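What follows is one structure encoded as C-alpha cells, with my remarks underneath.
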Amino acid sequence: HLIAHSGIELDDLTPEGKKAAEDRLHRSIEDLPYTLLVQEARAGSVIALNVEVARVVYDAEQSRMLEDLRKEVVLPGYRKGKAPLKLLQIRLGEEAKRDTVRSIATNALRQENVKQSFKFVTRPQVIDFTLPDDGGPLRLEAELEIEPTVEVKHYKGFTVEVESRPVTDEMVNARIENLRRQNAILETADEGAMVNPGDTIVATIEVTNEQGERLEHLCHEKQTIHAFARELPGPVADQIIGRKAGERVVATVENKTTNRRGEEVVHKDLYTVAIDEIKIQKLPALDDEFAKDLGEYETLEALRDGIRNEMVKEQEERERSQALDRIYAQLIKSNPVEAPRSMLARQQYDLIMEDSYQLARMGLKLENVVQDTSEYLRSQQVSAGEQVKLRLLLDAIATQEKLEVTDEDVDKEIEAVAERSGRKPLAVRARLEAQNQLDACRRNLAARKQGDFLLAQSTVVKVAPKPPETKASAPEASAEPEKTE
C-alpha cells in the first residue's frame, strides 16, 4: 500500500483521531492548491464538497508518494530504492490512483476544516472522482457528516400533567408486610396439620413412564419445594393440598410431544409423591424488636415513618421522570432537528445490543424473541432518532444557558455516594477512576442539571391516576335512559 504524506489522514479529522492529528500538525505540511467548486448541504447533516485540482498538482503528488514508496520496496531486477517510478505506477495501477486522490482529498479537506471549523461526526468519505484521460484536472466529491448547528428557541413555558398517587397507610402497611415475609422463618408444622396452598413441603418424588421405567431426571429424595403449585404438575399439586405429612399421592400426568413426522404423541407418566414434612412460614412479630432487627430503626413507629419517607421519595422521582418524559416530547416537537445518520446508526446499534444483553441474562436470544425483524428495526430506529435529537437539543440548551458540571459538583456527588455506602470519599473516587467511571458521573450530573433546569421552566400539573379501562363499549357505558312524557 502507498504511504500517504499529506500530513493528516481522513481518520484524523474525526474526534478519535484528534490527538494523532495534533502531533502531525507540528510538522511542516504543504498545502496543495485546489478550487472549491460547490458546497452543498444534504439530508442527515451531511455536506458535500466538489473540489477541482489541476492535473499538474495531481501528477506531482503521485510522484512524491511513489518516491517515498520507492525507498521502502524492492522489485525484481532492481536494488532497494532504485525501481523506476513508472514501473511502480504500472504495478500499483488503480491503487496508486485511488491513494493519490485520497491524499489530495485529505489535504483539501484539512484546509477547508481550518477555514470553516467543521465538527465531524464520522470520517469524511470520497464518494466519487474523475480523472480525464486527456490530462484534464482531477475532480472529486467528498461527503462530510458534521454535527448540526442546533439553535433551541422553544424550551420554556411547557405545561405537562403527571399522575400523582399519594402514599397511604395501606401502602406503607403492605411494604411492612413484605418485609415480614422476607424475614420469615420456616418451621415444621404441628402433627396432623394439612398442606395449604402457600406452605412449603419436603417430598420424595418417584416418576415412571408407561413401560414402568424410572425417569431419573424427575426423581428426587426429600426435596424441599417452596411453591409446589408452580413446581409440580397440576394433577399432582391439586392432590397435595389438604394432605398430611406421611401421606402419598399418585397421579398420572400427560405430556404431549411432536415426533419427527410432525405428529402429536401423548406420553403418560406416573407420579408418586410422598409428603415427608410440611413447613409453614412463621412471620416475625410486628413490634419494636422487628424494627431493630432490620438494623436502621429503634421503634416500629420509626420504621413506619422511614418507609413512608422512602415511598414519598420514590413517588416524587416517578413524577419527575414522567414530567421530564413529557417535557422532552414537547421539546423535540417544538424544535425540529435532523439526526446525523451515523449518530442515529450508533444509537440504534446500542439499543439493539442492550436488548440482546438483557435477553441473554434471561437465557434468551434476540432472534428467537423478535417475530417481525423489520418492524423491530423500524421501532428501534424511531427510538434512536428521538434519543439523538433529544441529546442534541439538551446539549444546545446547556451551552446557551451555561449549565456546566463543575469539579465541586463532582466532589459533592462523590461525598453523597460515600455517605450512602458508608465509605470514604477518597475510596469512592478511587473506584470511579479505576473503572473509568468519572466521565459517566459527570454525564449523569449534567443530565440531572439539564432536567432540573427544564422542570424549573415548565409548569407541572399533578392529576389523579386514571382509572383502569373497562371492556364496556363507550356508548353502553355512557348511555342514559330515554325520558318519556
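None of these values were measured; they are calculated from a predicted model. Hydrogens, waters and symmetry mates play no part in the numbers below; they use all other heavy atoms, side chains included.
Inspection of the Q111 and N107 side chains reveals an N or O donor paired with an N or O acceptor under 3.5 Å. For Q381 and R378, the side-chain atoms include no donor-acceptor pair closer than 3.5 Å. Side-chain contact check for Q380 and D355: at least one donor-acceptor pair (N or O, by modelled atom type) lies under 3.5 Å. Between Y297 and D305, the side chains place no donor N or O within less than 3.5 Å of an acceptor N or O (distance only, hydrogens not considered). Of the N and O atoms on the side chains of Q39 and Q116, at least one donor lies less than 3.5 Å from an acceptor on the other residue. There is a side-chain donor-acceptor pair under 3.5 Å between T204 and D276.
For the residue pair V160 and A323, the shortest heavy atom distance occurs at CG2-O, 4.1 Å. Considering every non-hydrogen atom in both Q315 and S164, the closest pair reads NE2-CA, 3.7 Å. Scanning both residues, L445 and D409, for their nearest heavy atoms gives CD1-O, 3.8 Å. Across R139 and L37, no two heavy atoms sit closer than the pair NE-CD1, 3.9 Å. The minimum heavy-atom distance between E338 and L392, with the atom names listed, is O-CD1, 4.2 Å. The two residues I225 and T200 have their closest heavy-atom pair at O-CG2, 3.3 Å.
Summarising the local packing, CE of M194 is surrounded by 12 or fewer heavy atoms from other residues, nucleotides or ligands at distances under 6.0 Å. The environment of D190 atom CG is sparse: at most 12 non-hydrogen atoms of other residues, nucleotides or ligands sit within 6.0 angstrom. Within 6.0 Å of CG in L426 there are 12 or fewer heavy atoms belonging to other residues, nucleotides or ligands. The environment of NZ in K119 is sparse: at most 12 heavy-atom neighbours from other residues, nucleotides or ligands sit within 6.0 Å. The number of heavy-atom neighbours closer than 6.0 Å to CZ of R431, taken from other residues, nucleotides and ligands shown, is above 12. Crowding of E408 atom CD: a count of heavy atoms from other residues, nucleotides or ligands under 6.0 Å not exceeding 12. Counting heavy-atom neighbours within 6.0 Å of Q371 CD, excluding the residue itself, gives a total of 12 or less. No more than 12 heavy-atom neighbours from other residues, nucleotides or ligands sit within 6.0 angstrom of CD on E419.
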From CA spacing to verdict: side chain to side chain contact (heavy atoms under 4.5 Å, CB included), E147, S45: CA-CA 7 Å; E147 289 185 13; S45 194; 5.9 Å; no
Side chain to side chain contact (heavy atoms under 4.5 Å, CB included) assessment of L438 paired with V410: CA-CA 8 Å; L438 268 180; V410 176; 4.2 Å; yes
Would you please test N113 and F120 for side chain to side chain contact (heavy atoms under 4.5 Å, CB included) and show each step? CA-CA 9 Å; N113 188 37; F120 293 94; 3.5 Å; yes
Using salt bridge (charged side-chain N to carboxylate O under 4.0 Å, His left out), reason through E401 and K449 one step at a time and then give a plain yes or no. CA-CA 11 Å; E401 298 290 344; K449 184 169 287 191; over 6 Å; no
Checking salt bridge (charged side-chain N to carboxylate O under 4.0 Å, His left out) for the pair K97/E61: CA distance, chi angles, key distance, verdict? CA-CA 10 Å; K97 183 188 296 185; E61 182 65 11; over 6 Å; no
Show your working on salt bridge (charged side-chain N to carboxylate O under 4.0 Å, His left out) between E112 and R110 and close with a plain yes or no. CA-CA 5 Å; E112 282 301 315; R110 174 182 56 79; over 6 Å; no
Evaluate the criterion side chain to side chain contact (heavy atoms under 4.5 Å, CB included) for residue pair S103 and M65; output intermediate values, then yes/no. CA-CA 9 Å; S103 175; M65 294 172 66; 3.8 Å; yes
One pair to check against salt bridge (charged side-chain N to carboxylate O under 4.0 Å, His left out): K402 and E404. What are the steps and the verdict? CA-CA 6 Å; K402 297 181 174 56; E404 299 178 352; over 6 Å; no
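Under 4.0 Å is where a charged nitrogen must lie from a carboxylate oxygen, and between D407 and K412 no such pair does. Checked for salt-bridge contact, R165 and E316 miss the test: no charged N lies under 4.0 Å from a carboxylate O. Residues R175 and E314 are paired through a salt bridge, judged by an N-O separation under 4.0 Å between the basic side chain and the carboxylate. Under the 4.0 Å criterion applied to side-chain N and carboxylate O atoms, K466 and E163 are not assigned as salt-bridge partners. R341 and E143 are joined by a salt bridge, as a carboxylate oxygen and a charged side-chain nitrogen come within less than 4.0 angstrom of each other. Taking the charged nitrogens against the carboxylate oxygens, R42 and E145 have no contact shorter than 4.0 Å, which rules out a salt bridge. In this structure, E95 does not pair ionically with R98, as no charged nitrogen and carboxylate oxygen lie closer than 4.0 Å. Ion pairing between a basic and an acidic side chain is recognised when a charged N comes within 4.0 Å of a carboxylate O; R320 and D325 show no such pairing. Between D169 and R304, no side-chain nitrogen of the basic residue sits less than 4.0 Å from a carboxylate oxygen of the acidic one, so the salt-bridge criterion is not met.
In this structure, S356 OG and E367 CD are separated by 7.5 Å, a value rounded to the nearest 0.5 Å. Here I332 contributes atom CD1 and I327 contributes atom CD1; the two are 12.5 Å apart, rounded to the nearest 0.5 Å. Atom-to-atom distance recorded for L331:CG and L393:CG is 5.0 Å, nearest 0.5 angstrom. Taking CG from L454 and OH from Y155, the interatomic distance works out to 9.0 Å, rounded to the nearest 0.5 Å. Distance check, rounded to the nearest 0.5 Å: CG of L294 to CG of N183 gives 5.5 Å. Atom-to-atom distance recorded for I201:CD1 and N196:CG is 12.0 Å, nearest 0.5 angstrom.
Taking 4.5 Å as the limit, every side-chain heavy atom of K279 sits out of range of all side-chain heavy atoms of D199. Within the 4.5 Å cutoff, no side-chain heavy atoms of V126 are placed close to those of R102. Here the side chains of L324 and L455 are in contact, with some heavy-atom distance below 4.5 Å. In this structure, the side chains of R361 and L359 stay at 4.5 Å or more apart for every pair of heavy atoms. Counting heavy atoms from C-beta outward, S334 and F158 have side chains that approach closer than 4.5 Å. Two residues are said to be in side-chain contact when any heavy atoms from C-beta on lie closer than 4.5 Å; V172 and M311 meet this criterion. Between Y34 and E52 the shortest side-chain heavy-atom distance does not fall below 4.5 Å. Between E177 and R181 the shortest side-chain heavy-atom distance falls below 4.5 Å.
Here the side chain of Q400 pairs a donor or acceptor atom with the backbone of V152 at under 3.5 angstrom. The main-chain N or O of T159 is found under 3.5 Å from a side-chain atom of Q330 such that the two form a donor-acceptor pair. For the pair D350 (side chain) and M353 (backbone), a donor-acceptor distance under 3.5 Å is absent. A donor-acceptor contact shorter than 3.5 Å is absent between the side chain of S321 and the backbone of R318.
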